[in-house]
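Worth saying up front: this structure is predicted, and the values here are computed from it rather than measured. Whatever order the structure lists them in is the order used to number ligands and atoms, beginning at 1. The analysis underlying the following values was restricted to heavy atoms, covering all of them including side chains, and did not include hydrogens, waters or symmetry mates.
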Amino acid sequence: MSSSAEQFDRKARGEFARLGRTRVYRGELLRHPVYTRFLHWSVAIFFILSLLTGFAIYSPWLYRWLTPLFGGGPRTRALHPWFGVVFEVFFLFQFINWFAPMVWNEADRRWLRRMKEYVTNEDRVEPEEVGFFNGGQKLYFWAIAVTAVLFLITGLLMWFDDVVPRWSVAVSYVVHDLAALVMLGGLIIHIYEGTAHQPGTFRSMIDGTVTEKWAWTHHPAWYRAVTGRDPREVYEREKRRQAERERAVENWEREQDARERVADDRVP
Ligand code: HEM
């Protein structure tokens, strides 16, 4: 990433930090600053608007009910490329913003090999080498980056179909639609991962923070980098504390039962 792009990104982070606020309480860590959240939700809104208008154009027979949302069929068709262009612009800024933590490395290759354990929740904590983003998140990011380029090229060819060869327009239809289907699949998985599969993740895109427990569970190497503490040690300590709590509750329940039995015996 060129240093002028990095400089721009640093400046934008600073400006947005003045516009919005992120409160980090004890036991929490800052995950996504205001600028990142702004970019993420701008990308998400314009991506979904592009997807909805795209579906209405792709299959009016199935999705005609969507067009009144955008002012009718012709307006839906006219708006779609503009939603797409705005998505591309925001994604470009997001690409710059997330380029550094999204660089692929050996740990990500290993993460992909053990994806089954991740999906089935076999391990309670992620391997210690998992950093700010895991291999699956990086894969999603790079898939968006590749499809964004495909959307842009094929979209422009279809938009200006009167000045480009007919075969290029025909190929563009197929590529554009396939890319949209891949992205739809990716988005469904992404929303599931960011909400139900990993509780505590969604708030990072709302108030910008996560709990320390979330951090050492899902991104141990990032936890170590920002706190300087050993995630495995914290996990073991938490496990011992949990076991002690369970033992204390069991003892309390046993004592309570014994007290109730004595009280019952005294009843004439
Ligand atoms: C509309 C529902 C959406 C929800 C609930 C959602 C939620 C989230 C959350 C919570 C994160 C932070 C994950 C973390 O810090 O580990 C995230 C990251 C991300 N989001 Fe979304 N998002 C949505 C839509 C989108 C859309 C439409 C796109 C792009 C087309 C997108 C692209 C990304 C990317 C690239 C990341 C970073 C990598 C990752 O965590 O997978 N998101 N999202």
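Protein heavy atom at the shortest distance from atom 28 (C) of ligand 1 is Y140 OH, 3.8 Å. Protein heavy atom at the shortest distance from atom 40 (O) of ligand 1 is Q137 NE2, 2.8 Å. Annotation: atom 12 (C) of ligand 1 to nearest protein heavy atom, H32 NE2, 3.6 Å. Protein heavy atom in closest approach to atom 5 (C) of ligand 1: F202 CE1, 3.5 Å. Of all protein heavy atoms, the one lying nearest to atom 19 (C) of ligand 1 is H190 CE1, 3.2 Å. Protein heavy atom at the shortest distance from atom 30 (C) of ligand 1 is F47 CG, 3.6 Å. Closest to atom 37 (C) of ligand 1, if we only count protein heavy atoms, is W98 CZ3, 3.3 Å. The nearest protein atom to atom 11 (C) of ligand 1, hydrogens excluded, is given as M205 CG, 3.6 Å; this is a heavy-atom distance.
The main-chain N or O of N105 is found under 3.5 Å from a side-chain atom of D108 such that the two form a donor-acceptor pair. Listed for the H80 side chain is a donor-acceptor partner under 3.5 Å among the backbone atoms of G54.
Of the charged side-chain nitrogens involved, none lies within less than 4.0 Å of a carboxylate oxygen, so that R240 and E244 do not count as a salt-bridged pair. For the pair E15 and R18, the salt-bridge criterion is met [side-chain N within less than 4.0 Å of a carboxylate O]. Of the charged side-chain nitrogens involved, at least one lies within less than 4.0 Å of a carboxylate oxygen, so that R13 and D9 count as a salt-bridged pair.
Close to ligand 1: M102, with a non-hydrogen atom less than 4.0 angstrom away.
In W41, the part holding a heavy atom less than 4.0 Å from any atom of ligand 1 is the side chain. Residue K138 does not touch ligand 1, judged by heavy-atom distances below 4.0 Å. The proximity of T201 to ligand 1, defined as any non-hydrogen pair under 4.0 Å, involves the side chain as well as the backbone.
Counted by atom type alone, R10 and Q7 present zero donor-acceptor pairs between their side chains at under 3.5 Å.
Annotation: T195 places no N or O atom under 3.5 Å from an N or O atom of ligand 1; distance criterion only.
Under the 6.0 Å cut-off for aromatic ring centres, H176 and Y58 do not qualify, their centroids lying 6.0 Å or more apart.
Among T227, T209, T211, the one residue that satisfies the side-chain contact (heavy atoms from CB on, under 4.5 Å) test with L29 is T227.
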